[in-house]
2 protein chains.
Amino acid sequence: MSATYSLDDLRQKLQNSPYKCTHQRRVVLEVFVNNPGVHLSAEEVHDILKQKSADIGLATVYRALELLCSKEIGILQKIDFGDGCSRYELNLTEPNSHQHHHMICTNCKKVIEFSEDMLDDLEADIMKKCGFKVTDHQVKFFGLCEECRNEIAN
Amino acid sequence: MSATYSLDDLRQKLQNSPYKCTHQRRVVLEVFVNNPGVHLSAEEVHDILKQKSADIGLATVYRALELLCSKEIGILQKIDFGDGCSRYELNLTEPNSHQHHHMICTNCKKVIEFSEDMLDDLEADIMKKCGFKVTDHQVKFFGLCEECRNEIAN
DNA sequence: GTTGCTGCAAAGCTTTTGCATTAGG
DNA sequence: CCTAATGCAAAAGCTTTGCAGCAAC
């Protein structure tokens with residue numbers, strides 16, 4: 001159910017593919033496993049690895065992220081928060097589900113996860129009215145988180 | 001109600017501001033008025049104007065788009081479809097409302113507007129459960145439009 | 001030994017910025 | 001006239017790519 005991926009999953013998924021389980025791909029994945037719930041950019045992943053003196057090129061980080069996000073692997077998920085760069089996170093959803101929402105505080109820029117899937121009714125409605133078959137959605141809520149609301153109230 | 005903006009609106013909105021109603025700003029807006037429902041990138045706006053032999057720099061297009069999207073003016077709306085560039089469209093919503101959804105066909109890349117606001121209940125729920133005050137949202141549905149579904153079925 | 005991967009640097013994109021010149025009000 | 005806007009070119013992000021050397025299997 002709660003599919004928290006590990007390094008073994010990577011090894012397994014690469015087993016039956018032409019792709020190789022390289023040291024670089026493993027340390028990139030490790031960063032996400034060690035930082036659950038965080039939305040990292042390629043540069044941030046690169047910085048974290050540099051601090052650990054894991055010498056890896058930024059281009060390789062990009063290539064590893066691309067592979068880990070691919071349909072074949074699907075261990076990571078690419079998200080766009082509109083802050084000028086792509087961000088990545090562990091893909092915690094089931095292979096064929098798509099429930100994943102984010103709330104972004106416009107004050108402190110914090111990103112809060114929101115996992116309920118209440119859009120099913122809406123999607124059914126769209127199919128009926130527009131003939132559009134929704135296969136995935138991206139929902140972002142912007143607003144003020146609890147802390148910022150309290151701060152501003154004071 | 002259906003606030004379709006025109007050049008007069010721009011003039012009016014600029015009247016009481018330090019900003020000037022320049023030729024360049026007017027022709028940029030004109031492109032959108034003449035192409036309703038289309039989602040143009042800065043480069044596309046620039047190309048359209050070049051074809052009309054309206055000589056305007058790309059940087060100026062960007063600056064005009066920024067102004068037209070600003071809270072003060074609000075005639076345009078910036079959207080991100082994840083295709084590598086920002087796109088813009090006439091802002092057809094009321095000043096303080098935020099209902100605007102897009103359906104993006106993953107096959108033909110067509111963008112369909114979807115204007116109902118059925119997320120209000122969900123947002124009320126979020127406020128209650130998470131203390132997060134939603135002030136705006138961005139909803140994108142990905143899937144297959146009617147034509148592409150028929151095409152694929154055949 | 002193949003085949004694919006890495007690192008580096010260079011290039012590709014979109015978007016922004018600095019600055020001298022021009023044009024609104 | 002004064003202030004803001006423009007045009008151009010240069011620079012600034014993020015991301016991709018080409019290629020010689022290297023590592024996985």
Side-chain angles (χ1 to χ4, degrees), chain A residues 7-8 10-31 39-50 52-70 72-73 76 78-88, chain B residues 7-8 10-31 39-50 52-70 72-73 75-88:
Chain A
L7 292 179
D8 286 335
L10 178 62
R11 223 178 293 264
Q12 224 174 75
K13 295 203 176 211
L14 292 175
Q15 207 96 89
N16 301 317
S17 83
Y19 307 120
K20 293 171 179 172
C21 186
T22 65
H23 176 247
Q24 286 87 340
R25 287 171 180 174
R26 273 183 273 120
V27 294
V28 166
L29 176 53
E30 226 170 334
V31 169
H39 306 90
L40 299 167
S41 67
E43 194 109 33
E44 285 168 356
V45 171
H46 188 228
D47 286 348
I48 289 172
L49 290 174
K50 238 192 319 205
K52 292 184 179 177
S53 57
D55 223 343
I56 172 174
L58 180 55
T60 303
V61 173
Y62 274 104
R63 286 185 280 226
L65 291 172
E66 191 187 11
L67 180 72
L68 293 169
C69 286
S70 68
E72 293 94 327
I73 309 299
L76 294 185
K78 190 178 188 172
I79 345 160
D80 175 29
F81 291 132
D83 64 341
C85 63
S86 294
R87 297 190 164 274
Y88 302 83
Chain B
L7 292 178
D8 286 335
L10 177 62
R11 224 179 292 266
Q12 222 175 75
K13 295 203 178 212
L14 291 174
Q15 206 98 88
N16 301 315
S17 82
Y19 307 119
K20 292 171 182 173
C21 186
T22 65
H23 176 247
Q24 287 87 339
R25 287 171 181 173
R26 274 184 272 120
V27 295
V28 166
L29 176 53
E30 226 169 334
V31 169
H39 306 89
L40 300 167
S41 67
E43 195 109 32
E44 286 168 356
V45 171
H46 187 228
D47 286 349
I48 289 171
L49 290 174
K50 239 192 317 206
K52 292 187 181 177
S53 58
D55 223 343
I56 172 173
L58 181 56
T60 303
V61 173
Y62 273 104
R63 285 184 279 225
L65 290 172
E66 192 187 11
L67 180 72
L68 292 169
C69 287
S70 68
E72 293 93 328
I73 310 298
I75 290 185
L76 293 186
Q77 195 177 11
K78 190 179 190 172
I79 345 161
D80 175 30
F81 291 131
D83 64 343
C85 62
S86 294
R87 299 189 164 274
Y88 303 82

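Note that this is a predicted model, so its numbers are computed, not measured. Throughout, protein chains are lettered first and strands after them, A, B, ... in sequence-line order, and every chain is numbered starting at 1.
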**Fill in**
Separation of C:dT14 atom P from B:Asp83 atom CG, nearest Å, is 10 Å
**Prompt:** Does A:Thr22 make a side-chain N or O approach to OP1 or OP2 of C:dG4 shorter than 4.0 Å?
**Reply:** no
**Message:** Between C1' on D:dA11 and OH on B:Tyr62, what's the gap in Å once rounded to a whole number?
**Reply:** 15 Å
**Request:** Measure the distance from CZ on A:Arg63 to C1' on C:dG4 and round it to the nearest whole Å.
**Result:** 11 Å
**Message:** Between B:Tyr88 and B:Val45, does the side-chain contact (heavy atoms from CB on, under 4.5 Å) criterion hold? Intermediate values first, please.
**Reply:** CA-CA 9 Å; B:Tyr88 303 82; B:Val45 171; 6.0 Å; no
**Message:** Whole angstroms only, please: what is the CG-P distance between A:Leu58 and D:dT16?
**Reply:** 10 Å
**Closest non-hydrogen atom pair, A:Leu7 against A:Arg26** = CD2-O, 3.6 Å
**Prompt:** When you match B:Ala59 and B:Lys20 each to their closest nucleotide on DNA chain C, which lands nearer the 5' end?
**Reply:** B:Ala59
**Complete:** A:Leu49 CG to C:dT6 P, in whole Å, measures 12 Å
**Message:** Below the 4.0 Å mark, does C:dC5 have OP1 or OP2 next to a side-chain nitrogen or oxygen of A:Thr60?
**Reply:** no
**Request:** Write down the distance between CG (B:Leu65) and P (D:dA5), rounded to a whole number of angstrom.
**Result:** 15 Å
**Sugar-phosphate only, base, or nothing, as touched by B:Ser41 at under 4.0 Å among non-hydrogen atoms** = nothing
**Message:** Between P on C:dT14 and CG on B:Asp80, what's the gap in Å once rounded to a whole number?
**Reply:** 13 Å
**Prompt:** Of all heavy-atom pairs between A:His39 and A:Arg87, which one has the smallest distance, and what is that distance?
**Reply:** O-NH1, 2.8 Å
**Message:** Measure CD/B:Gln24 against P/D:dG7 and give the value in whole Å, please.
**Reply:** 4 Å
**Message:** What I'd like to find out is whether the side chain of B:Lys50 reaches to under 4.5 Å of the side chain of B:Asp47, using heavy atoms alone.
**Reply:** yes
